[in-house]
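This structure is a prediction, so every number in the text was calculated from the model and none was measured. Any value given below was found using the heavy atoms of this structure, including those in side chains, with hydrogens, waters and symmetry copies removed. Below, chains carry the letters A, B, ... as their sequence lines are ordered, and counting in each starts from 1.
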2 protein chains.
Amino acid sequence: MDLEDKKFYSDKWFSYLQAQICNHFEKIEKDSKSAKKFISTNWSKKINGGGGTYKILRNGKVFDKVGVNKSTVSGIFSKKFRKNILGAQKDGKYWASGISVVAHMKNPKVPAMHFNTRFIVTSKSWYGGGIDLTPSFKDKKEEIYFHNNLKKVCKENNRNYNKFKEWCDKYFYLPHRDEPRGVGGIFFDYENKNWEKDFRFVREIGMSFIEISKKIIKKKMRLKYNNADKEKQLLKRGRYVEFNLLYDRGTKFGLNSGGNTQAILMSLPPQAKW
Amino acid sequence: MDLEDKKFYSDKWFSYLQAQICNHFEKIEKDSKSAKKFISTNWSKKINGGGGTYKILRNGKVFDKVGVNKSTVSGIFSKKFRKNILGAQKDGKYWASGISVVAHMKNPKVPAMHFNTRFIVTSKSWYGGGIDLTPSFKDKKEEIYFHNNLKKVCKENNRNYNKFKEWCDKYFYLPHRDEPRGVGGIFFDYENKNWEKDFRFVREIGMSFIEISKKIIKKKMRLKYNNADKEKQLLKRGRYVEFNLLYDRGTKFGLNSGGNTQAILMSLPPQAKW
């Protein structure tokens with residue numbers, strides 16, 4: 001398959017997955033007697049090509065704020081930025097398509113969730129992505145369930161789970177606080193062994209995110225909580241903001257590739273405390 | 001006067017000013033029938049020398065959260081960071097003393113305030129600092145009062161007010177939002193014409209901050225406001241967080257010089273929304 005086809009199918013998949021995730025999350029809201037729906041916004045890049053669609057559901061009964069963002073952009077990185085990007089050193093050219101999801105929950109007992117997959121093309125081409133959880137309350141059973149499911153998908157697709165898990169722990173870490181952002185998950189990048197198999201892995205990780213997130217949310221969304229629990233969640237969200245603005249590569253990539261600010265910063269919680 | 005004396009007097013001045021500012025702000029709280037006081041925390045740098053004292057007053061009647069941070073640190077910058085610092089390229093050595101204040105107000109009609117002055121020594125030595133306002137509501141009269149007072153102090157000390165004002169507008173700007181953080185003020189750096197005169201300017205800017213902030217606060221602290229006003233303030237604070245974590249040089253300097261995280265991030269508001 002030639003590169004243009006790989007780009008075409010990746011882009012289509014991410015759009016399909018975006019619709020699927022939104023449908024599933026709206027169904028969860030509906031089952032909780034909430035009529036809240038995603039509001040969809042299209043945007044186009046001002047310089048160079050591409051654009052995207054970000055869908056945000058706010059102030060639901062289950063989701064306090066959840067953003068599902070899909071974009072496909074291309075262009076030329078600035079000289080300063082291109083040195084950090086594999087295969088872009090020479091001419092700075094890139095094409096990138098991806099989906100990212102961040103869900104901040106109303107109920108502080110339900111962990112915040114993050115999922116992302118992307119296909120990047122410079123003079124090289126590869127998939128990257130990951131899933132991770134940020135609970136405000138420790139739940140060992142939930143952690144084991146979560147990690148085991150990710151392990152399963154990795155194994156079925158002949159991926160190095162341990163490497164991806166360690167990468168995730170290392171990546172979602174706040175050095176200035178000396179604390180992890182959450183309980184980790186998987187993080188992968190530069191996957192370019194065999195395109196068909198890589199693409200299959202990326203699709204399965206996407207479908208797994210839907211299954212895993214539904215299971216975790218449904219189990220806890222009706223748990224009772226008090227003001228102190230909510231306070232704990234808001235402070236945890238403050239750390240989430242610190243990570244995303246100080247360290248997150250996706251945020252930096254977005255702001256450096258002329259992305260849409262609303263779409264990039266949809267990851268920020270609806271409310272946070274310090 | 002030799003360099004060690006300049007360091008000694010700068011350090012002492014910043015400590016004195018910290019005490020003065022805290023006294024004045026506690027008096028404002030007291031006049032509002034609040035017993036809230038600053039809580040003081042000392043910290044020491046783990047690597048290399050120095051430390052500081054940060055004082056925070058939370059949940060007052062006037063101040064929602066105000067931090068007054070004084071620190072004096074020294075050490076050697078990492079190779080990566082030193083290239084950004086004047087006079088530190090060769091060996092990375094630095095000594096720095098300074099005070100910074102960030103006040104987030106309970107009443108959304110009262111602007112958030114920021115003040116900072118510092119003495120930095122590498123192979124060069126200089127003063128820097130600034131004052132700026134971040135209102136959630138437009139108030140042309142207040143802006144004029146504020147800017148005119150800063151102009152006056154600059155003129156009396158033979159400083160280039162227009163340059164400092166433009167620098168401030170340029171610095172406190174969020175490119176990804178294409179909007180300024182607030183209404184500006186002054187920002188200066190690399191002041192090293194004549195130490196006695198530079199030091200005098202720095203002292204007068206400090207005393208002016210006390211006078212200006214008291215006047216602005218007292219005029220507005222009893223104004224009525226509603227939930228929509230508060231909401232507007234919380235969204236403005238979200239922008240404040242974005243600026244401080246994405247762009248602020250002081251935050252980067254602090255995190256790169258082994259500073260105390262609580263002290264560096266005391267600038268973050270008690271609560272913000274997106």
Checklist entry - Taking atom CD1 of B:Ile85 and atom CD1 of B:Ile120, what is their separation to the nearest 0.5 Å? => result 7.0 Å
Ring pair (Phe, Tyr, Trp, His ring centres under 6.0 Å) with [X]: which residues, sequence neighbours excluded?
X: A:Phe137; result: none
X: B:Phe14; result: none
X: B:Phe38; result: none

Between chain A and chain B, are any donor-acceptor pairs under 3.5 Å, and how far apart is each one to 0.1 Å?
{"from": "A:Arg58", "atom 1": "NH1", "to": "B:Trp274", "atom 2": "O", "distance (Å)": "3.0"}
{"from": "A:Arg58", "atom 1": "NH2", "to": "B:Trp274", "atom 2": "O", "distance (Å)": "3.3"}
{"from": "A:His176", "atom 1": "O", "to": "B:Thr261", "atom 2": "OG1", "distance (Å)": "2.4"}
{"from": "A:Thr261", "atom 1": "OG1", "to": "B:His176", "atom 2": "O", "distance (Å)": "2.5"}
{"from": "A:Pro270", "atom 1": "O", "to": "B:Trp274", "atom 2": "N", "distance (Å)": "3.1"}
{"from": "A:Ala272", "atom 1": "N", "to": "B:Ala272", "atom 2": "O", "distance (Å)": "3.0"}
{"from": "A:Ala272", "atom 1": "O", "to": "B:Ala272", "atom 2": "N", "distance (Å)": "3.0"}
{"from": "A:Trp274", "atom 1": "N", "to": "B:Pro270", "atom 2": "O", "distance (Å)": "3.0"}
{"from": "A:Trp274", "atom 1": "O", "to": "B:Arg58", "atom 2": "NH1", "distance (Å)": "3.0"}
{"from": "A:Trp274", "atom 1": "O", "to": "B:Arg58", "atom 2": "NH2", "distance (Å)": "3.2"}

Minimum heavy-atom separation for [X] and [Y], please, with both atom names.
X: A:Gly185; Y: A:Cys168; answer: N-SG, 3.3 Å
X: B:Met113; Y: B:Ile216; answer: CE-CG2, 3.6 Å
X: A:Gly51; Y: A:Val73; answer: N-CG1, 4.0 Å

Next on the checklist: Is A:Leu255 in contact with chain B via its backbone, its side chain, both, or neither, using a 4.5 Å heavy-atom distance?
Outcome noted: side chain
Next on the checklist: Under a 4.5 Å cutoff for heavy-atom pairs, which residue among A:Leu235, A:Val241, A:Ile264 has the most contacts with chain B?
Outcome noted: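 That would be A:Val241.
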